[in-house]
Protein chains: 4
Amino acid sequence: MDAALDLFVEKGFAATKIDDVAARAGVSKGTLYLYFPSKEELLKAVIRHNLSLTIEQGDDVVANFEGSTAELMQVVAGVWWERVGETQASGIFKLILTEARNFPDLAQFYDAEVIEPGQRLITRLLQRGVDRGEFRPTLHLLDTAHSFIFPLLMLCLHKHSIGPCLVHGLTNDPRRFIAHHIELLLKGVTAEPVPAPGTS
Amino acid sequence: MDAALDLFVEKGFAATKIDDVAARAGVSKGTLYLYFPSKEELLKAVIRHNLSLTIEQGDDVVANFEGSTAELMQVVAGVWWERVGETQASGIFKLILTEARNFPDLAQFYDAEVIEPGQRLITRLLQRGVDRGEFRPTLHLLDTAHSFIFPLLMLCLHKHSIGPCLVHGLTNDPRRFIAHHIELLLKGVTAEPVPAPGTS
Amino acid sequence: MDAALDLFVEKGFAATKIDDVAARAGVSKGTLYLYFPSKEELLKAVIRHNLSLTIEQGDDVVANFEGSTAELMQVVAGVWWERVGETQASGIFKLILTEARNFPDLAQFYDAEVIEPGQRLITRLLQRGVDRGEFRPTLHLLDTAHSFIFPLLMLCLHKHSIGPCLVHGLTNDPRRFIAHHIELLLKGVTAEPVPAPGTS
Amino acid sequence: MDAALDLFVEKGFAATKIDDVAARAGVSKGTLYLYFPSKEELLKAVIRHNLSLTIEQGDDVVANFEGSTAELMQVVAGVWWERVGETQASGIFKLILTEARNFPDLAQFYDAEVIEPGQRLITRLLQRGVDRGEFRPTLHLLDTAHSFIFPLLMLCLHKHSIGPCLVHGLTNDPRRFIAHHIELLLKGVTAEPVPAPGTS
DNA sequence: GATGAATGAGAATTCATTCAT
DNA sequence: GATGAATGAATTCTCATTCAT
């Protein structure tokens with residue numbers, strides 16, 4: 001399944017040959033069919049497997065955190081990047097994106113198992129900030145959640161598509177970008193409102 | 001080429017059959033080969049065609065703008081969404097993302113023709129804001145540019161992948177999300193710095 | 001379809017390779033798939049084609065016959081052998097027999113299109129004989145029909161199975177056998193009752 | 001071997017999977033290869049086994065029979081149907097018929113072990129009838145034998161091919177058909193020559 | 001210029017056979 | 001003896017590409 005994930009992510013489902021998956025996995029084509037009844041089922045298994053891994057991350061980090069919500073968001077993003085973004089599993093996002101329309105049930109599954117829980121996690125985080133008076137109460141929670149998440153996902157997508165093709169990646173330091181992105185969202189871009197002592 | 005774009009975006013390059021492109025275009029398969037020597041060349045033509053369209057947007061909007069940079073960013077994003085995000089051309093991002101690793105020269109081309117100019121445009125915008133004292137001078141320009149752009153791209157990607165498969169899309173109003181996203185980056189999330197009368 | 005019939009009859013459906021059919025037909029494999037969507041559909045087309053040919057024989061011969069029913073039966077059998085038994089179409093019986101259980105709808109089709117009409121034809125013939133006082137009225141019409149028909153079918157089956165494998169076929173002269181078989185059924189085996197009152 | 005016989009008869013040799021044979025026999029695939037070196041050898045073993053069973057029937061019944069030859073033929077047919085036609089062994093005829101051309105040595109074997117002895121048996125029976133003045137001396141012995149045997153074989157073939165696919169079989173009572181068939185051959189179809197001196 | 005029938009290389013899938021346990 | 005996981009050759013089916021009309 002690791003071999004399949006790699007190749008599906010790199011080449012796309014249709015362009016990946018079963019022989020290549022088998023070869024990379026170090027088994028014969030026949031063996032693959034011993035465990036997965038078809039190429040399509042292999043895809044589904046790969047996705048199910050990787051999503052279940054992905055999902056388990058998250059909630060425990062949040063539960064007992066003590067510090068400010070700003071710190072918490074940095075921590076959550078950092079942990080996610082470490083456990084997902086930097087691993088092979090980061091490819092799953094490209095795979096889903098690529099194959100969603102060809103296998104709509106995958107999209108359903110991904111929505112239920114990743115998008116929904118993910119949105120809920122971030123939304124709760126934001127709510128925590130609002131409740132504690134750290135964040136503006138006028139925030140649109142869902143939109144804000146997307147502003148947080150989307151760039152992180154783009155990092156994963158980029159890593160598995162254009163990234164490897166370019167000599168100088170678009171960001172030479174993803175961790176720095178993530179920290180900066182979150183800080184940016186928290187503080188905003190605009191210059192300090194003049195004489196006010198300081199905010200962050 | 002419109003037919004090809006649609007299908008390439010929907011199914012991916014490998015999973016798209018020349019017959020289907022021909023059928024959707026209302027011509028025969030032979031006719032397609034009259035104009036494009038191979039499926040791969042068709043792909044490249046489709047991408048070149050749509051990128052050249054994409055790129056022309058932009059710089060003219062910026063050049064003579066008079067208002068605040070915050071306003072300018074809202075305008076740029078709005079125009080871009082209107083001319084790219086809402087049109088068929090929005091699919092090109094998914095296509096590039098999907099096929100970049102299979103056709104590395106496409107990635108090069110896209111980098112040179114879209115990424116670089118795009119980054120330059122936004123970077124200049126941000127610099128304008130800094131120069132005019134509107135934005136913090138401590139901003140990392142490139143990272144900030146990415147924070148602005150990535151969610152817009154995700155909107156396009158989503159629209160052509162998981163979006164059509166879900167009953168309730170992740171955002172029912174992309175324009176509102178875009179406005180909110182840019183406002184968010186500008187103002188930041190954090191609560192008003194105490195008694196200060198207003199910030200925005 | 002002739003090529004397919006030959007090979008299906010000779011080797012059986014499962015043991016026949018599409019490549020071989022194509023080669024014998026003098027076209028490429030691809031061309032075959034241009035006209036028949038799958039091997040199974042090719043089988044069905046072959047059978048439908050040959051059955052429609054088979055069925056058209058028959059009734060016209062019977063309609064306006066003037067002579068004795070005994071003569072008529074000889075004529076019917078002779079014509080059938082000439083038009084079916086001696087042609088390539090004779091193989092269809094082996095094919096049906098072989099594949100009926102794998103493709104039950106074929107069996108249905110064959111029953112409706114061949115068995116039923118065939119039985120009706122022969123039954124009517126026998127009835128004609130009874131009506132004209134030529135045949136015993138105590139005959140079981142359907143059983144008798146089968147006694148007539150079965151050996152002719154066996155001739156076809158044999159011709160396409162064991163026949164070609166034996167140096168001396170089981171019958172060196174099918175026409176003579178058919179004539180003899182029908183005469184036998186008509187007259188019976190038992191010695192002339194000469195002066196004796198009755199035998200049965 | 002029973003499992004193999006069943007499946008070979010039902011599906012044909014090529015369409016039968018070794019896995020299925022093993023599964024039905026309740027052993028593993030490997031075990032099958034412990035006893036039969038290849039699928040083909042399994043086929044041959046199945047056929048040899050069942051033919052040897054088939055052949056042993058017969059001669060002893062005939063040897064010491066005392067009654068009329070007409071009665072004897074009914075007895076022979078009845079016993080054969082009971083011991084072969086009604087058992088699983090009846091499938092062997094379909095199997096031979098189906099596979100003869102793919103395995104010509106099977107055909108040879110079958111000819112030597114079944115056809116020849118069978119023909120000889122019936123021929124001797126008919127000769128007995130002629131010798132005893134029961135049957136016409138003008139009979140063509142071999143043709144007549146075939147007229148006797150073929151319909152019985154067709155019954156077996158039908159039972160394992162089209163029969164199971166039809167709701168109303170072609171004959172709801174095989175024993176009655178057999179009795180009728182033999183009676184028919186003995187007496188003939190034609191009406192009693194009443195008092196008339198002769199008919200032939 | 002346009003067509004669509006024909007091609008055949010290539011990919012997914014099957015299944016008889018092997019062999020380490 | 002028995003097993004069943006592993007194999008890969010063989011087979012069905014697909015589809016980009018060609019070319020005569």
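Each chain gets a letter, A, B and so on, in the order the sequences are listed, and its residues count up from 1.
The shortest side-chain heavy-atom distance between D:Val84 and D:Ile92 does not fall under the 4.5 Å cut-off. Annotation: side chain of C:Val9 is not in contact with side chain of C:Thr98 (no heavy-atom distance under 4.5 Å).
With sequence neighbours left out, A:Asp19 forms a side-chain contact (heavy atoms from CB on, under 4.5 Å) with A:Lys17, A:Lys29. For B:Thr87, the side-chain contact (heavy atoms from CB on, under 4.5 Å) test picks out B:Ala89, with sequence neighbours left out. In this view, D:Asp20 satisfies the salt bridge (charged side-chain N to carboxylate O under 4.0 Å, His left out) rule with no residue, not counting sequence neighbours. Residues satisfying the side chain to side chain donor-acceptor pair (under 3.5 Å) test with D:Ser90, not counting sequence neighbours, are D:Lys159, D:His160. Considering only residues two or more places apart in sequence or on other chains, D:Ala112 meets the side-chain contact (heavy atoms from CB on, under 4.5 Å) condition with none of them. For C:Asp6, the salt bridge (charged side-chain N to carboxylate O under 4.0 Å, His left out) test picks out C:Arg24, with sequence neighbours left out. For D:Ala45, the side-chain contact (heavy atoms from CB on, under 4.5 Å) partners at least two apart in sequence or on another chain are D:Met1, D:Phe36.
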Check: residues 100-110 of chain C side-chain donor-acceptor pairs under 3.5 Å, at least two apart:
unit_1	atom_1	unit_2	atom_2	d
C:Asn102	ND2	C:Glu99	OE1	3.2
C:Asn102	ND2	D:Lys11	O	3.0
C:Asp105	OD2	C:Lys44	NZ	3.0
C:Gln108	NE2	D:Cys165	O	2.9

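Contacts between chain C and DNA chain F, taken as any atom within less than 4.0 angstrom of a protein heavy atom, begin and end at F:dT11 to F:dT14.
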Legend entry - Residue pair C:Leu97, D:Ile162: steps toward the side chain to side chain contact (heavy atoms under 4.5 Å, CB included) verdict: CA-CA 7 Å; C:Leu97 192 121; D:Ile162 323 166; 5.6 Å; no

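Atoms CG and CZ, from A:Leu43 and A:Arg48 in turn, are 9.0 Å apart once rounded to the nearest 0.5 Å.
The stretch residues 31-40 of chain C touches DNA chain E through C:Thr31, C:Leu34, C:Tyr35, each having a heavy atom within less than 4.0 Å of the strand. At a non-hydrogen distance threshold of 4.0 Å, C:Val27, C:Ser28, C:Lys29 from residues 6-29 of chain C come into contact with DNA chain E.
Taking a pair as Watson-Crick or G-U with both hydrogen-bonding distances under 3.5 Å, the stems of three or more pairs touching DNA chain F are E:2-21 with F:2-21.
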